[in-house]
Amino acid sequence: MTIDSMRDRPPEGGLVQLLTPEGERVEHPDYPLDLSAEDVRGLYRDLVLVRAIDREAVALTRQGELGLWASLLGQEAAQIGSGRALTAQDMVFPTYREHGVAYCRGVDPLKLLGMFRGVNHAGWDPAEHGFHLYTIVIGSQTLHAAGYAMGIQRDGLLGTPNAGAAIAYFGDGATSQGDVNEAFVFASVFNAPVVFFCQNNQWAISEPLERQSRIPLYRRAQGFGFPGVRVDGNDVFACLAVTRRALENARTGQGPTLVEAYTYRMGAHTTTDDPTRYRLRTDEEAWKLKDPIERVRAYLRRSGLADDAFLASVEAEGKDIAADLRTRCRALPDPRPEAIFENVYAAPHALMTEEQEAFAAYLASFEEEVA
Amino acid sequence: MTTLTLGRALNEGMRRAMEDDPKVLVMGEDVGRLGGVFRVTDGLQKDFGEERVIDTPLAESGIVGTAIGLALRGYRPVCEIQFDGFVFPAADQIITQLAKMHLRSLGAVKLPVVVRIPCGGGIGAVEHHSESPEAYFAHTAGLRVVACSNAADAYTMIRRAIASPDPVIFFEPKRRYWDKAEVSTDVALSDLPDLHAAQVVQPGDDVTVLAYGPSVKTCLEAAAAAAAEGRSLEVIDLRSLNPLDVDTVEASVARTGRCVVVHEAPVFAGFGAELAARITERCFYRLEAPVLRVGGFSTPYPPSRLEDHYLPDLDRVLDAVDRTFAW
Ligand SMILES: Cc1ncc(C[n+]2csc(CCOP(=O)(O)OP(=O)(O)O)c2C)c(N)n1
Ligand SMILES: [Mg+2]
């Protein structure tokens with residue numbers, strides 16, 4: 001069997017699903033979920049808006065405004081579902097693709113563009129949003145999440161209303177890294193309040209999941225000594241319910257959970273990638289039928305929770321957010337050259353001062369020539 | 001002679017090595033089906049099969065660690081690290097294992113492993129994709145460390161590196177991957193130039209400019225600009241950092257009395273420091289000025305909108321040349 005023909009098989013071992021691709025609400029005994037009409041409309045709006053933001057960022061890259069973009073297309077439900085399960089006390093450790101989670105944490109999308117435009121390496125204060133910096137080095141942040149969770153534990157907050165949990169986001173490819181496996185071990189032996197949220201989008205650039213694992217990823221958890229659960233990553237309800245439960249377990253001292261959100265990277269790995277070199281268009285077509293937004297729209301219509309006017313207003317809002325993002329992105333100033341030397345160290349540092357002064361004198365020498 | 005890009009020349013060099021020796025393997029992330037993110041291994045899996053061109057799991061320590069095991073079993077793995085900034089998960093295997101096995105086995109174990117690392121900046125990339133980590137490896141005894149600067153050298157050096165009985169850290173200047181040059185591909189291995197010999201790529205009389213990898217082209221451009229102003233720069237492409245061809249360097253500096261070292265890595269504790277010290281030891285009485293170093297600032301590689309300030313360019317090289325004359 002070729003890799004490509006395996007891609008569309010239903011995942012072995014089943015997965016938690018609360019909303020079918022056709023938009024039908026189904027129950028799962030372990031994951032009851034009560035959502036008001038407003039909740040559902042809110043989730044729908046989130047999904048549409050992050051897709052609009054993402055689409056705009058891709059367009060900005062094509063226009064040369066960004067150097068690169070890692071699109072979340074197809075993974076909106078995994079990110080919004082898990083992101084909306086978080087409380088203010090929780091701390092997120094993201095990769096470079098977690099734009100939807102960032103949105104849930106109130107990070108201005110403009111700030112996400114900074115590193116892709118090349119004006120900074122990450123433009124926000126992690127503490128302000130409970131959202132750590134994007135991590136590009138695959139897997140590193142999972143250890144930070146485990147350590148952060150050990151801190152929460154040592155603060156003695158578990159089981160109290162002030163308890164938070166850490167949640168680490170990472171991909172299917174990342175599960176091969178030593179750091180990720182070490183994070184599993186640390187979290188497990190210390191019973192740390194951390195959720196490992198793996199978005200299995202089936203690809204690590206050109207390498208299919210089969211190159212990282214012979215068993216379903218969620219089953220890895222068992223070997224490390226904590227529960228693993230596979231959720232339909234294109235089902236925002238299921239992602240919400242499963243993550244909520246995992247976070248709650250963590251906050252009440254029941255230790256880590258591995259959540260495998262089974263989804264698909266609908267776009268290229270990044271804007272510089274060309275997926276036609278390694279995967280079939282038919283795969284993408286098959287996954288399109290499981291689109292995370294379409295099914296919520298179908299559910300909204302079917303259940304009468306939203307009318308056309310609401311759907312149209314959300315579309316319009318998406319357009320406005322995108323237009324606003326475009327304008328603000330184009331207006332982003334280039335960083336000042338001196339920024340190279342700033343913040344390298346927390347305390348004054350002689351070599352930084354020396355190099356910065358020499359650099360300033362060097363730049364000034366050109367101005368003299370021109371004058 | 002054929003005209004090849006630097007990336008293609010590496011590809012042809014690996015292809016030739018694989019044809020000549022069935023034990024040569026290529027391994028790394030996305031090197032097979034995709035042909036590498038820079039397409040340097042393009043077509044190799046198609047022609048040599050999945051057993052010899054291996055798309056590995058996403059784990060750099062795993063790549064180098066298993067390469068060591070394969071080498072113990074008689075293979076000659078050529079590992080690709082996707083970007084400079086991602087070699088660090090493999091640093092443990094490279095530094096504590098790969099570099100030391102020959103010594104620890106009293107010479108019984110040879111590890112002919114090549115670790116290819118695209119390096120350097122100038123491509124407008126995000127963090128960890130523009131670094132120059134050569135000094136860490138040059139500092140590690142037991143590793144041979146080389147850096148190619150042009151297509152012709154890329155072809156010969158990768159073949160030589162694969163044939164080396166010692167591990168080789170092989171730096172490739174990623175922003176020069178698309179630069180073309182004439183390459184002679186019909187040469188027997190034994191007739192290829194020494195992997196570790198420096199080359200005078202631009203003869204001159206007034207000042208010696210030492211460079212390697214991506215900086216060589218910058219220095220050649222600086223030499224052309226300086227020539228227009230009547231100053232004669234001798235540019236040496238070091239090609240190898242460890243071992244270092246000090247004789248070629250000494251012969252030049254002894255003549256010119258002035259030396260400027262250029263690399264993209266931070267100047268502080270960078271490879272230029274080793275060069276400056278060696279030159280001072282060998283040419284002390286013939287130096288007209290201290291050896292000056294031009295390189296990246298002693299800061300992390302900046303966001304891409306600032307990288308032109310960070311990277312040593314023609315002006316920064318010429319500025320250092322001016323300073324060495326004004327001493
Ligand atoms: C340590 C390390 N090695 C290699 C890379 C290059 N790289 C960037 S993304 C990627 C694939 C990641 O796949 P996965 O973990 O599945 O996440 P996805 O991109 O699919 O979200 C690779 C190999 C990296 N960023 N870090
Ligand atoms: Mg993936």
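What you see below is based on every heavy atom in this structure, not just the backbone, and it leaves out hydrogens, waters and symmetry mates. Residue numbering restarts at 1 for every chain, and letters A, B, ... go by the order of the sequence lines.
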Where does [X] contact chain B at under 4.5 Å (heavy atoms): side chain, backbone, both or neither?
{"X": "A:Ala174", "answer": "backbone"}
{"X": "A:Arg336", "answer": "backbone"}
{"X": "A:Ile205", "answer": "both"}
{"X": "A:Leu351", "answer": "side chain"}
{"X": "A:Tyr362", "answer": "side chain"}

Is chain A contacted by the side chain of [X], its backbone, both, or neither, given a heavy-atom distance below 4.5 Å?
{"X": "B:Ser61", "value": "neither"}
{"X": "B:Val37", "value": "side chain"}
{"X": "B:Asp308", "value": "neither"}
{"X": "B:Phe83", "value": "neither"}

Do you know which of [options] has the most heavy-atom pairs under 4.5 Å to chain A?
{"options": "B:Thr299, B:Leu34, B:Asp30", "value": "B:Asp30"}
{"options": "B:Ser304, B:Ser298, B:Pro302, B:Gly124", "value": "B:Ser298"}
{"options": "B:Glu29, B:Glu60, B:Arg39", "value": "B:Arg39"}

Parallel, tilted or perpendicular: ring planes of B:Phe297 versus A:Phe359, cut at 30 and 60 degrees: perpendicular
Geometric class of the B:Trp178/B:Phe38 ring pair [parallel <30°, tilted 30-60°, perpendicular >60°]: perpendicular
SB check A:Asp334 B:Arg305 (cutoff 4.0 Å): yes
B:Asp42 and A:Arg277 ion-paired at < 4.0 Å: yes
Aromatic A:Phe184 / basic A:Arg220 pairing, under 6.0 angstrom, 45° off normal: no
Over 12 non-hydrogen atoms of neighbours within 6.0 angstrom of OH in B:Tyr136: no
Whether over 12 other heavy atoms sit under 6.0 Å from A:Arg62 CZ: no
Can you tell which of [options] has the highest number of heavy-atom pairs within less than 4.5 Å of chain B?
{"options": "A:Met352, A:Gln212, A:Arg117, A:His349", "result": "A:Arg117"}
{"options": "A:Ser140, A:Gly178, A:Gly114, A:Pro335", "result": "A:Pro335"}
{"options": "A:Val344, A:Asp273, A:Thr175, A:Val119", "result": "A:Val119"}
{"options": "A:Asp274, A:Thr272, A:Asn120, A:Asp179", "result": "A:Asn120"}

Contact check, side chains of B:Leu318 and B:Leu314, non-hydrogen atoms, under 4.5 Å: yes
B:Val260 backbone acceptor or donor facing B:Arg293 side chain under 3.5 Å: no
Pairing residues for B:Glu12 by the side-chain hydrogen bond (donor to acceptor under 3.5 Å, both in side chains) criterion, not counting sequence neighbours: B:Arg8
